[in-house]
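Note sheet for the following structure.
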Amino acid sequence: MKWKIFPKRSDDLIEQLLINRGITSKKQKEQFFNPNISNFKKDSQIPNIDKANRRILKAIEAGELIIIYGDYDVDGISASAILYKGLTSLGAKVLPYIPHREKEGYGLSKLGLEFAKSVGASVVITVDCGIVAIEQAKFAKQLGLDLIITDHHQPQNTLPDAFAIVHSTKMCGAAVAWCLIKEIIKKDLELDFLQFVALATVCDLLPLIGLGRAFAVEGLKIVNKTTNLGLLALINESGIRLGDIGSYEVGHIIGPRLNAIG
């Protein structure tokens with residue numbers, strides 16, 4: 001077999017691979033080999049975060065129950081974990097909700113919203129879903145629920161009528177959730193949660209360039225020294241070792257085990 005590279009721009013393999021990824025300038029190469037989230041501040045500044053956080057903090061102060069409405073894949077599970085752990089660290093009353101794959105399917109459902117109302121919740125925060133939930137958002141309003149949507153999927157021409165929409169297509173759902181609460185939690189938790197963002201970034205097949213690469217690289221450093229009991233148990237059961245975990249181990253060994261839950 002003889003490989004043909006098209007369009008061939010360089011005889012240097014690394015240089016050619018960078019060109020294939022659209023990386024040509026000195027600055028782009030530096031960010032590729034030494035990725036840092038701080039280099040992508042503009043990409044991680046998402047509208048409506050302040051409005052959403054004000055409602056969250058008001059709910060915490062008033063003792064309101066907050067439902068985190070997740071999804072059953074790695075991204076949804078990771079995003080749910082970030083918000084659950086982050087909000088409970090602030091003293092919030094929080095209940096995670098993962099929809100039943102067969103009974104409810106993907107995304108925000110009326111069944112899930114009815115559950116939120118039945119348990120006395122007043123705020124529902126979606127993660128990794130909700131940006132196309134037009135009818136469901138109307139139903140949430142009818143039930144008297146304040147709906148905060150955090151998502152990364154492509155929107156329709158019309159957006160849901162929610163209390164706040166925190167949306168970006170430049171990252172995975174877990175990263176959007178992380179951007180939402182990183183300013184209101186302690187710095188050590190903000191950094192710790194990057195391990196869940198890394199899992200989601202790799203397993204949701206985001207391109208490992210730019211901001212996605214920075215999330216993966218910085219998060220994998222934390223994964224490799226994690227003290228999270230659930231993640232440690234999963235790593236040990238998988239037969240891999242801390243210090244050896246890269247994107248392959250996440251995407252082909254850890255991720256499928258988390259996805260199997262769905």
Side-chain angles (χ1 to χ4, degrees), residues 12-18 20-21 23 27-41 43-44 70-86 88-89 96 127-128 152 170-179 181-182 185-262:
D12 184 280
L13 179 59
I14 293 177
E15 189 69 22
Q16 181 64 51
L17 290 172
L18 291 172
N20 291 352
R21 287 160 175 76
I23 300 167
K27 181 180 179 181
Q28 288 174 324
K29 292 175 184 178
E30 173 62 27
Q31 289 180 347
F32 183 83
F33 288 113
N34 300 288
N36 193 300
I37 295 169
S38 62
N39 293 331
F40 301 94
K41 286 184 178 180
D43 288 338
S44 59
D71 188 28
Y72 37 72
D73 68 354
V74 175
D75 195 13
I77 293 169
S78 298
S80 299
I82 289 169
L83 283 193
Y84 179 78
K85 291 170 71 66
T88 53
S89 77
V127 292
D128 193 31
H152 74 119
K170 297 178 180 179
M171 60 190 80
C172 65
V176 175
W178 181 81
C179 288
I181 64 163
K182 69 185 182 69
I185 58 176
K186 292 182 179 179
K187 185 71 175 178
D188 59 339
L189 283 178
E190 174 192 335
L191 295 175
D192 185 62
F193 293 164
L194 283 174
Q195 62 185 316
F196 304 121
V197 177
L199 297 181
T201 298
V202 173
C203 292
D204 229 41
L205 302 180
L206 268 74
L208 295 185
I209 55 175
L211 179 60
R213 186 175 182 82
F215 276 131
V217 169
E218 293 201 36
L220 284 172
K221 291 177 183 176
I222 300 168
V223 170
N224 277 289
K225 54 183 180 182
T226 187
T227 57
N228 181 274
L229 294 178
L231 195 50
L232 277 174
L234 187 59
I235 289 168
N236 291 333
E237 182 66 24
S238 301
I240 52 181
R241 299 183 303 175
L242 294 180
D244 295 336
I245 302 172
S247 59
Y248 174 84
E249 286 73 21
V250 169
H252 294 273
I253 300 175
I254 297 175
R257 286 167 166 80
L258 287 170
N259 273 324
I261 297 170

Q: In sequence, state the C-alpha distance, the side-chain angles, and the governing distance for I253 and Y248, and then conclude on side chain to side chain contact (heavy atoms under 4.5 Å, CB included).
A: CA-CA 8 Å; I253 300 175; Y248 174 84; 4.2 Å; yes

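- Looking only at atom types and distance, the side chain of S38 has a donor-acceptor partner in the side chain of N36 under 3.5 Å away.
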Q | side chain to side chain contact (heavy atoms under 4.5 Å, CB included) between F196 and K85, worked out | A | CA-CA 11 Å; F196 304 121; K85 291 170 71 66; 4.1 Å; yes

Q: Please test K187 against E190 for salt bridge (Lys or Arg N to Asp or Glu O under 4.0 Å), starting from the C-alpha separation and ending with a verdict.
A: CA-CA 5 Å; K187 185 71 175 178; E190 174 192 335; 3.6 Å; yes

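- I23 CD1 to F33 CZ: the interatomic distance, rounded to the nearest 0.5 Å, is 7.5 Å.
- Distance CZ/R21 to CG/L208: 9.0 Å, rounded to 0.5 Å.
- Other residues, nucleotides and ligands contribute only 12 or fewer heavy atoms inside 6.0 Å of the OH atom of Y84.
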Under 3.5 Å, side-chain donor or acceptor atoms of residues 72-83 against the rest of the protein: list the pairs with distances, not counting sequence neighbours.
residue, atom, partner, partner atom, Å
Y72, OH, Y106, N, 3.3
D73, OD1, D75, N, 3.4
D73, OD1, G76, N, 2.8
D75, OD1, G173, N, 3.2
D75, OD1, A174, N, 2.8
D75, OD2, H152, NE2, 3.3
D75, OD2, G173, N, 2.8
S78, OG, V74, O, 2.7
S80, OG, G76, O, 2.8

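- More than 12 heavy atoms of other residues, nucleotides or ligands sit less than 6.0 Å from atom NZ of K29.
- Atom OG1 in T201 sits 12.5 Å away from atom CZ in R213 (nearest 0.5 Å).
- A pairwise comparison of heavy atoms in G86 and I181 identifies CA-CD1, 3.8 Å as the closest pair.
- More than 12 heavy atoms of other residues, nucleotides or ligands lie within 6.0 Å of NZ in K182, so this atom counts as buried by the packing criterion.
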